[in-house]
Amino acid sequence: MTTAPTLVWFRDDLRIADHPALHAAADRGAPVIACYLLDEHGEGVRAPGGAARWWLHHSLAALRDELAELGVPLVLRRGPAVELLPALVAEAGADAVLWNRRYSPARAIDARLKSALREAGVDARSFPGDVLAEPQDVRTGSGTPYRVFTPFWNGLRDRPVASPLPAPDALTGADAPGGDALEAWGLLPTRPDWSGGLRAAWAPGEAAALARLEEFAGELDGYAERDLPAVDASSRLSPRLRWGELSPRQVWHRIRAAGGPQSEPFLRELGWREFFRHTLFHEPDLATRNLKPAFDRFPWAEPDPTELTAWREGRTGLPLVDAGMRELWATGTMHNRVRMSAASFLIKNLLVDWRVGEQWFWDTLVDADEASNPGNWQWVAGSGQDAAPYFRIFNPERQAARFDPDARYIRRWIPEYGTDAYPAPIVDLAATRERALAAYDTIR
DNA sequence: GTGAGATTTGC
DNA sequence: CAAATCTCA
C-alpha cells in the first residue's frame with residue numbers, strides 16, 4: 001500500500017526556507033508534490049504585468065530546481081485554480097493540500113477551495129507566510145483596523161515575530177501527474193525581447209535573494225544614504241519580498257541581528273509594506289477606489305496622449321522624472337525617492353488620475369505589488385487614508401538639486417542631458433502647481 | 001470627551 | 001509657515 005501524498009500549493013512564496021506550508025508537509029511525513037497554478041482570470045486575481053511575468057518565469061525555474069534537489073516535483077498548470085486544484089488532488093490521490101495565505105481579494109478563491117476540499121475529506125490547511133502579523137490580529141484599542149501608519153507601527157514593532165523556519169532537508173517525493181512546461185507559458189518577452197536590461201540588473205530566485213539579504217545586512221550602515229538615487233544604498237529586496245523568495249520574517253530577524261543605527265529606519269520601511277498589506281485586506285479595491293471619497297469628485301484632466309507618452313518614455317524635460325522613468329523601463333525598478341517625484345509629477349503637474357500611473361508601474365515594475373503599488377500611489381495622490389496632504393507638491397527640479405546635486409543619477413540614465421537633444425520641460429512647474437491647488441480646492 | 005500628533009515639502 | 005482633518009489612546 002502506498003501513502004497518499006501531500007500537495008503543497010505555491011503562490012507568491014517561491015522559496016523553500018521559512019515556508020510554513022512546505023514545513024508542515026515535511027512534518028506530515030508523507031511524500032510531497034508541489035504545484036503552481038497560473039490563474040490569470042480567477043475571482044479577485046490581478047494578472048501580473050510584463051516585467052512581473054519575466055520575474056515569475058525565472059523565479060519558478062529556480063524553485064523547480066531547488067525542489068528537484070529535494071526530490072520533489074513541481075507541477076505547473078494554467079487555468080482557474082478553483083478547478084485545477086481539486087483535479088490535481090484527485091489525480092495525485094493526495095489526502096492533504098497545504099498553502100501559505102495571501103491577503104489580496106483572490107483569497108476568496110482560497111476560502112472556497114478550503115471548504116470544498118475539507119468537505120471532500122481532504123486535509124486542507126493554510127499558514128501565515130507573507131506578513132509579520134496577520135491582519136486579523138492587528139487592531140486599535142477599539143478593535144478597528146489602523147488607518148494611520150505611525151500608531152499601526154507602534155502597535156506592531158514590539159510584538160514578537162516568529163522565528164524563520166529552516167528549509168526542509170529531507171523530503172520524499174512522489175510520482176507527479178503531468179503538467180505544463182514552464183517555457184510553454186510564454187512568460188518571457190519575444191519579438192522583441194526587451195528583457196536585456198532586466199537580466200543585467202537582476203538574478204531572480206531564492207538563492208540570490210538570500211545572498212542579497214546577507215550582503216545588505218553587512219552594508220546596512222550605508223542605508224543612511226538611501227535618499228540619494230546615485231548611491232547604491234537601497235536594499236533592492238522589494239521584488240524578493242513581492243515574489244516570496246524571502247519572507248518578511250527572515251528580513252526582520254536578519255536586519256535586527258545586524259543592528260546599528262539604520263536597523264530601525266529600515267524595519268520601518270518593512271512596516272509600510274505590512275501596513276499596505278493589511279490595508280488591502282480591509283480595502284480589497286485599493287487599486288481602483290479612492291480611500292478618501294472626496295477624491296471621487298476630483299477634476300482630473302483628460303490625459304493628453306503626448307504628455308502621457310512623454311512621461312512613460314522619460315521625455316518630460318524634467319531630468320529627475322525622466323531618469324527615473326528610463327531606469328524603470330530599462331531595469332524594472334526605480335529608486336524610491338524618484339518614484340515619489342515621478343508619481344507626483346504625473347498626478348499634480350499633469351493632473352492625471354493616479355490610477356493611470358499605478359497601471360503603468362504595475363506593468364513595468366518587477367516588484368509590482370498588489371498592496372504596495374496602489375497604496376503608495378494613493379499616498380502620493382493624497383487620496384489614501386494616511387496620505388501626504390494634497391497641497392504638498394513635489395518640485396522635481398528642487399528634488400534633483402537636493403538629492404542628486406551633481407546630476408550623477410540623471411546622467412546615468414539620460415546620456416543626452418545638457419545637450420540640445422534633451423527636451424525643454426513640457427509644462428510650467430509653477431503654473432501647473434497652481435492649477436493642481438485650484439483643483440484640490442474644488443473638492444475640499 | 002479631550003488633546004496630541006501626523007514619512008518623505010515648497011517657497 | 002502654510003492649512004486644518006482625522007485618528008487614536
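A note on names: the letters A, B, ... follow the listed sequences, proteins ahead of strands, and every chain is numbered from 1.
Side-chain proximity of A:F391 to the nucleotides B:dT7, B:dT8, C:dA3 is greatest for C:dA3. The side chain of A:T140 lies closest to C:dA9, out of C:dA9, B:dG10, B:dT7. For A:T144, the listed nucleotide lying nearest its side chain is C:dC8; candidates were C:dC8, B:dT7, B:dG10.
The separation of C:dT7 from B:dT9, taken at their P atoms, amounts to 24 Å, rounded to a whole angstrom. For the P atoms, the distance from C:dA3 to B:dG5 is 23 Å, rounded to whole Å.
In this structure, A:E274 does not pair ionically with A:R159, as no charged nitrogen and carboxylate oxygen lie closer than 4.0 Å. A salt bridge between A:E358 and A:R355 is absent, with no side-chain N of the basic residue lying under 4.0 Å from a carboxylate O of the acidic one.
Ring stacking is absent between A:F149 and B:dT7, as the pair misses the limits of under 5.5 Å between centres and under 30 degrees between planes.
The phosphate of B:dT8 (OP1 or OP2) has no side-chain N or O of A:R337 nearer than 4.0 angstrom. Contact annotation: A:R392 side-chain N/O to B:dT8 OP1/OP2 distance is under 4.0 Å. Note on A:Q399: every side-chain N or O is 4.0 Å or more away from OP1 and OP2 of B:dT8. Phosphate contact (OP1/OP2 of B:dT9, side-chain N/O of A:N395, threshold under 4.0 Å): absent. In this model, the phosphate group of C:dA9 is approached by a side-chain N or O of A:Y146 to a distance below 4.0 Å at OP1 or OP2. Applying the 4.0 Å criterion to OP1 and OP2 of B:dT9, one finds that A:R402 has a side-chain N or O inside that range.
Aromatic ring orientation, A:F295 versus A:Y440: tilted (interplanar angle from 30° to 60°).
Taking a pair to require two hydrogen-bonding distances under 3.5 Å in either a Watson-Crick or a G-U wobble arrangement, B:dT2 pairs with C:dA9. Pairing partner, B:dT8: none, since no Watson-Crick or wobble contact has both distances short of 3.5 Å.
Nucleotide B:dT8 holds its P atom 17 Å from the NE2 atom of A:H335, rounded to whole Å. One can place CG of A:L437 at 10 Å from P of B:dC11, the figure rounded to the nearest angstrom. If you measure from atom OH of A:Y223 to atom P of B:dT8, you get 15 Å, rounded to the nearest angstrom. If you take CG of A:N349 and P of B:dG10, they are 11 Å apart, rounded to a whole angstrom. To the nearest angstrom, P of B:dT7 lies 20 Å from CZ of A:R339. Note: CG (A:N376) to P (B:dT8) measures 13 Å, nearest angstrom. Between the CZ atom of A:F275 and the P atom of C:dC8 there is a distance of 8 Å, rounded to whole Å. With rounding to whole Å, A:R139 atom CZ is found 12 Å from C:dC8 atom P.
With hydrogens and angles ignored, no donor-acceptor pair under 3.5 angstrom links the side chain of A:W379 to the base of B:dT7.
A cation-pi contact, defined as under 6.0 Å to the ring centre and within 45° of the axis, links A:R46 to A:W362.
Using a 4.0 Å heavy-atom cutoff across all strands shown, A:R433 reaches sugar-phosphate atoms only and no base atom. Residue contacts shown for A:E269 include a base, since a base heavy atom lies under 4.0 Å away. A:D227 comes within contact range of no nucleotide atom at all, as no heavy-atom separation falls under 4.0 Å.
Just one residue in the list A:F361, A:W360, A:W354 forms a ring pair (Phe, Tyr, Trp, His ring centres under 6.0 Å) with A:W377, and that residue is A:F361.
Side chain to side chain, A:Y103 and A:E134 meet the donor-acceptor criterion of an N or O pair below 3.5 Å.
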